[in-house]
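Read through the structure below, which is laid out as structure tokens, and then see the notes.
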2 protein chains.
Amino acid sequence: MRPQKIDDIKLLEGLMTTFRTKGYNGASLNDLANSSGLQKASLYHRFPGGKKDIGLAVLNFIEVWKEQNIVAVINNKDLKPDERLSTILKNISSIYENGECSCVMKAMSMGDGLELFGDELKFGAGIWLKTLTQLGLDFGFEQKIAEGKAMQTLVKIQGSLIVSKNLNNTQPFTMALNEIELLYTNI
Amino acid sequence: MRPQKIDDIKLLEGLMTTFRTKGYNGASLNDLANSSGLQKASLYHRFPGGKKDIGLAVLNFIEVWKEQNIVAVINNKDLKPDERLSTILKNISSIYENGECSCVMKAMSMGDGLELFGDELKFGAGIWLKTLTQLGLDFGFEQKIAEGKAMQTLVKIQGSLIVSKNLNNTQPFTMALNEIELLYTNI
DNA sequence: GTCTATAGCTAGATAGAC
DNA sequence: GTCTATCTAGCTATAGAC
């Protein structure tokens, strides 16, 4: 067994960055090879199913990130709800580089992506909503209210990333994070 | 002068649909030709600059739509602010087919699109914000408040379209339109 | 496990008949 | 103004050396 040149995490981070920047169709295998530090043919060794497999691996990588940085935080009953909220907002800001980079949910849902990854995208969105609803319940809101706030939170994140990208200004994203905080802490 | 097989409006509607569905990179010239009713070479006759020109024409087509269906409505002082609001929400719901179709702002900002159309996308977003801010002022809100509500409105539209697309369910979009109404009419 | 080289195809774009 | 036919460059994917 010859050693891997690039470890899985570095590899997936590079691939994720390219998909986020260029979208699923816009990212060519040459782009993916360049950003990952491997050659095209080596990518096929790591991901035998080709481009679709790479996309799935990146989506799965994001689910793992979410599990560790969102779900686990919200389920950590050792922290008060407002501490959990500020932690996940910090983590969200970090993964999106303060609003400077696009969401994979958007990047992977254009072109062939929606067709190829429809189930995974639906699942991923469901995790967001289910987890955020739990946070609302822990804040003391009723089920329906908590569900509404969860949806508003997800919509604010996705929408503000697009508007930030189009205006070439991160202010909408930082504004949205502040509004999300008020959504749960304002009476 | 030989007559046009397809008039400009039908042509641009078909092209817009394909870009919205597949994204800028995902839409091939064959796709664009099929959806417009013309052959590839005929598209080059109508748009000598090729794919980029088609993209610009579609973005311009949307600006014209916005001018007629958003800007003109909000500037129509014969209507009360709440009448103007409900009219533009109806128009927004209509252009996005009740949330079933993606926003061009998102579709055109992925891949090469952001680079090619960065200025146009920024301009288009600016029109939304400027116009919606005027609506807020006419409702009697202060400048800063009106600007915040305009941003929230744009973010809700964009974000809810993505979430609707990913969940394969138009509920987030219709929910967002209701929330936008409350944003202006709730005290 | 990674690489160079290349196959087979489709992309965007053009030439020229009608 | 629209079409068929075609060009070249780039794409995804594979073969086979190391």
Side-chain angles (χ1 to χ4, degrees), chain A residues 1-59 61 107-108 110-117, chain B residues 1-59 61 107-108 110-117:
Chain A
M1 295 285 259
R2 192 168 157 181
Q4 287 185 339
K5 183 178 168 188
I6 309 281
D7 69 64
D8 282 356
I9 290 176
K10 287 271 175 222
L11 181 58
L12 286 165
E13 282 174 349
L15 297 169
M16 179 178 69
T17 298
T18 300
F19 276 131
R20 285 215 285 203
T21 311
K22 306 208 165 195
Y24 181 73
N25 289 16
S28 74
L29 282 175
N30 277 320
D31 294 332
L32 293 167
N34 289 336
S35 67
S36 69
L38 289 177
Q39 294 299 321
K40 265 191 291 187
S42 304
L43 283 179
Y44 279 89
H45 178 80
R46 299 280 198 105
F47 307 98
K51 192 175 181 180
K52 182 189 171 175
D53 257 23
I54 300 177
L56 282 172
V58 166
L59 287 175
F61 182 64
M108 296 304 252
M110 290 309 304
D112 302 330
L114 188 63
E115 200 171 315
L116 289 172
F117 311 124
Chain B
M1 295 285 260
R2 192 168 155 180
Q4 287 186 338
K5 182 178 169 188
I6 310 280
D7 69 66
D8 282 356
I9 291 177
K10 287 273 175 218
L11 181 58
L12 286 165
E13 281 175 351
L15 297 168
M16 178 176 71
T17 299
T18 300
F19 276 131
R20 285 213 286 202
T21 312
K22 306 209 164 194
Y24 181 72
N25 289 12
S28 73
L29 281 175
N30 278 318
D31 294 331
L32 293 167
N34 289 336
S35 66
S36 69
L38 290 176
Q39 294 300 318
K40 263 194 289 188
S42 304
L43 283 179
Y44 278 89
H45 177 80
R46 300 280 198 104
F47 307 99
K51 193 174 180 180
K52 182 189 172 178
D53 257 22
I54 300 177
L56 283 173
V58 166
L59 287 174
F61 182 64
M108 297 303 254
M110 289 310 303
D112 302 329
L114 188 63
E115 198 170 316
L116 290 172
F117 311 124

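Rounded to whole angstrom, the span from the CG atom of B:L32 across to the C1' atom of C:dT10 amounts to 15 Å. Nucleotide D:dT4 holds its P atom 13 Å from the CG atom of B:L43, rounded to whole Å.
For A:K22, the salt bridge (charged side-chain N to carboxylate O under 4.0 Å, His left out) criterion is met by A:D31, not counting sequence neighbours.
Between A:K52 and A:F47 the shortest side-chain heavy-atom distance does not fall below 4.5 Å.
In terms of position along DNA chain D, the nucleotide closest to B:G37 lies nearer the 5' end than the nucleotide closest to the other residue of the pair B:K40 and B:G37. A residue-by-residue look at A:N30 and B:L38 shows that B:L38 has its nearest nucleotide of DNA chain D further toward the 5' end.
Using a 4.0 Å heavy-atom cutoff across all strands shown, B:A33 reaches no nucleic acid atom at all. B:S42 comes within 4.0 angstrom of a base, heavy atoms only. Within the 4.0 angstrom heavy-atom criterion, only backbone atoms of the sugar-phosphate kind lie near B:Q4; the bases stay farther away.
Nearest to the side chain of A:Y44, among C:dA13, D:dA13, D:dC3, sits D:dA13. Counting only heavy atoms from C-beta on, B:H45 has its side chain closest to D:dT2 among D:dT2, C:dA11, C:dC3. Taking every side-chain heavy atom of B:K5 into account, D:dC3 is the closest of D:dC3, D:dC11, D:dT12. For B:S28, the listed nucleotide lying nearest its side chain is C:dG12; candidates were C:dG12, C:dT14, C:dT2.
In this structure, A:Y24 and A:F19 have parallel ring planes: the angle between them is below the 30° cut-off, well short of the 60° mark.
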